[in-house]
Amino acid sequence: HLGSWMGGDRDANPFVTHDITRTVVQRARLLVIEKYFRAVDELIGECSLSSDLAPPPAKLLTSVKKDSVRFPVQAQRLVGRFEREPYRQKLTYMKYKLRCMLEGEKGDRTAKEFLADIRLVHDALKQAHSSLAQRLEFLARQTEIFGFHLLSLDVRDNQAAIHTALTEQTSRSLSPESREVIATLRGIRWVQTHVDPRSITAYVLSMTHKKEDVLDLLELARRNGLFGRIDLVPLFETIDDLRHCHVVMQEL
């Protein structure tokens, strides 16, 4: 799986804000969906198998019927097009769902749904002895690796900023810096809910010295709706911290 820190590492970098992080994960999502969109579009152009020569399995026909009920506008557009070409019809619905997602509308709810469609078409084409089945197999591998999120972004900040934000949130007197820390934590939950749960999976805590540093982050995550939703990653950096990090981990 692919990971990155670009757009998530705000340790001593005031230009990496919660808005920047949200923009990065949204762009990553759009980029990977655009790649899938182009791949499916190319397959539509090449997949001209007729049901007369390659009778499709019942599962494929049932899936096309379900898509036509769920997307009546697209079904109307397909009237008179791709007659007796169920493989191409199914791919066209897949493309339509990806287009909806690119335009901010509902298409596939998860990458698993898209992957299920890919495997359905793959199995049908394999049964028909079509070489295009290999292309669907490759697209399935891409979807397994990149999902609809492309990469998992590490968010990173230092323990001093976290400790200050926790103290100030407790006293309800937040500095601009602490407001940004809180906005970042809440922004991670928003990303996991509205973009993809795998878009952000880890919060790296720079300059971790003692167990209380990690517990501060744990408490701040709990207060802002992230408890149990993200990995907390202590980063031991000084020579002294590296020599004693095993003790900190045992205490935790």
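All values below come from the heavy atoms of this structure, side chains included, with hydrogens, waters and symmetry mates left out.
- Closest approach of A183 to H18, counting heavy atoms only: CB-ND1, 3.6 Å.
- When all heavy atoms are compared, the tightest approach of F114 to L98 is CE1-CD1, 3.8 Å.
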- [ ] I would like to know whether E168 and S175 meet side-chain hydrogen bond (donor to acceptor under 3.5 Å, both in side chains); could you show each step before the answer?
- [x] CA-CA 8 Å; E168 293 183 356; S175 63; 3.0 Å; yes
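- Applying the 6.0 Å contact sphere to NE2 of H1 captures no more than 12 heavy atoms from other residues, nucleotides or ligands.
- Shown here for A202 and I230, the closest heavy-atom pair between the two residues is N-CG1, 3.6 Å.
- For the pair R189/T193, a side-chain contact is recorded, criterion being any heavy-atom separation below 4.5 Å from C-beta on.
- At least one donor-acceptor pair closer than 3.5 Å links the side chain of N158 to the backbone N or O of A161.
- The environment of E105 atom CD is dense: over 12 non-hydrogen atoms of other residues, nucleotides or ligands sit within 6.0 angstrom.
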- [ ] Output, in order, the C-alpha distance, side-chain angles, deciding distance and verdict of side-chain contact (heavy atoms from CB on, under 4.5 Å) for Y87 and F82.
- [x] CA-CA 9 Å; Y87 307 91; F82 306 145; over 6 Å; no
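- Atoms CG and CZ, on L136 and R141 in that order, are 11.5 Å from each other to the nearest 0.5 Å.
- Atoms CG and NZ, on L102 and K95 in that order, are 11.0 Å from each other to the nearest 0.5 Å.
- Here the side chains of R29 and M101 are in contact, with some heavy-atom distance below 4.5 Å.
- Using a cutoff of 4.0 Å between basic side-chain nitrogens and carboxylate oxygens, K59 and D123 are not scored as salt-bridged.
- E46 CD to S130 OG: the interatomic distance, rounded to the nearest 0.5 Å, is 9.5 Å.
- Looking only at distances, no side-chain donor or acceptor of E85 sits under 3.5 Å from a matching main-chain atom of S51.
- Surrounding CD1 of I239 are at most 12 heavy atoms belonging to other residues, nucleotides or ligands under 6.0 Å away.
- Distance check, rounded to the nearest 0.5 Å: CD of Q142 to CD1 of I118 gives 8.5 Å.
- V181 places a side-chain heavy atom less than 4.5 Å from the side chain of L220.
- Partners of Q26 by side chain to side chain contact (heavy atoms under 4.5 Å, CB included), not counting sequence neighbours, listed by chain and number: R22, W190, V195.
- Judged purely by atom type and a 3.5 angstrom limit, T170 uses its side chain to pair as donor or acceptor with the backbone of L166.
- Here the side chains of R156 and L235 are in contact, with some heavy-atom distance below 4.5 Å.
- Here the side chains of R88 and S48 are in contact, with some heavy-atom distance below 4.5 Å.
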- [ ] Walk me through it: do V155 and V204 pass the test side-chain contact (heavy atoms from CB on, under 4.5 Å)?
- [x] CA-CA 6 Å; V155 170; V204 181; over 6 Å; no
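- More than 12 heavy-atom neighbours from other residues, nucleotides or ligands sit within 6.0 angstrom of NE2 on H246.
- When each of I162, D11, D157 is checked for a side chain to side chain contact (heavy atoms under 4.5 Å, CB included) with S206, only D11 meets the rule.
- A donor-acceptor pair under 3.5 Å links the side-chain atoms of T167 to the main chain of H163, judged by distance alone.
- Annotation for K35: atom NZ does not count as buried by contact number, only 12 or fewer foreign heavy atoms lying within 6.0 Å.
- Grouping the Ile, Leu, Val, Met, Phe, Trp and Tyr side chains by contacts below 4.5 angstrom, directly or via other members, places I33 with L2.
- Side chain of Y203 to backbone of A221: no donor-acceptor contact under 3.5 angstrom is found.
- Under the 30°/60° scheme for interplanar angles, the aromatic rings of Y96 and F71 are found to stand perpendicular.
- Using a 4.0 Å cut-off between charged side-chain N and carboxylate O, K210 and D241 make no salt bridge.
- Smallest separation of non-hydrogen atoms from A111 and T143: O-CG2, 3.9 Å.
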Task: Criterion side-chain contact (heavy atoms from CB on, under 4.5 Å) on R77 and V73, from CA distance to verdict - done: CA-CA 7 Å; R77 292 172 183 165; V73 174; 3.8 Å; yes
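- Applying the salt bridge (charged side-chain N to carboxylate O under 4.0 Å, His left out) test between R119 and each of E137, E113, E144 identifies E144 as the sole match.
- Within a 6.0 Å radius of CZ in R27, no more than 12 heavy atoms belonging to other residues, nucleotides or ligands are found.
- For the pair R84 (side chain) and S50 (backbone), a donor-acceptor distance under 3.5 Å is absent.
- Of the candidates V191, V24, D231, I200 forms a side chain to side chain contact (heavy atoms under 4.5 Å, CB included) with just one, namely V191.
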- [ ] Decide yes or no on side-chain contact (heavy atoms from CB on, under 4.5 Å) for M94 and D67, but give the supporting numbers first.
- [x] CA-CA 9 Å; M94 291 168 62; D67 283 340; 5.8 Å; no
Open item on the list: side-chain hydrogen bond (donor to acceptor under 3.5 Å, both in side chains) for R10 and T21? Distances and angles first, verdict last.
Closed with: CA-CA 9 Å; R10 64 241 315 117; T21 299; 3.1 Å; yes
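- Under a 3.5 Å cut-off, the side chain of D196 and the backbone N or O of R198 do form a donor-acceptor pair.
- Counting only distance, with no hydrogens or angles, the side chain of D213 and the backbone of H209 share a donor-acceptor pair below 3.5 Å.
- Side-chain contact check for I44 versus V40: some heavy-atom pair is nearer than 4.5 Å.
- A side-chain donor-acceptor contact under 3.5 Å links Q192 to the backbone of R229.
- Taking the side chain as every heavy atom from C-beta outward, R135 and L139 never approach each other to under 4.5 Å.
- The SG atom of C47 lies 11.0 Å from the CD atom of Q89; values are rounded to the nearest 0.5 Å.
- The shortest side-chain heavy-atom distance between L125 and L49 falls under the 4.5 Å cut-off.
- Checked by atom type and distance alone, the side chain of S63 never pairs as donor or acceptor with a backbone atom of L60 at under 3.5 Å.
- Under a cut-off of 6.0 angstrom, the local environment of CD in Q134 is sparse, with at most 12 non-hydrogen atoms contributed by other residues, nucleotides or ligands.
- The minimum heavy-atom distance linking V64 with P86 is given by the pair CG2-O, 4.0 Å.
- Hydrophobic clustering places V248 together with L215 (ILVMFWY residues linked when any side-chain heavy atoms are closer than 4.5 Å, directly or through intermediates).
- Across every non-hydrogen atom of P56 and L61, the tightest pair is CG-CD2, 3.7 Å.
- For the atom pair CG (L185) and CD (Q169), the distance works out to 8.5 Å, reported to the nearest 0.5 Å.
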Task: Derivation and outcome, salt bridge (Lys or Arg N to Asp or Glu O under 4.0 Å), residues R223 and E219 - done: CA-CA 6 Å; R223 292 187 184 187; E219 174 61 15; 2.9 Å; yes
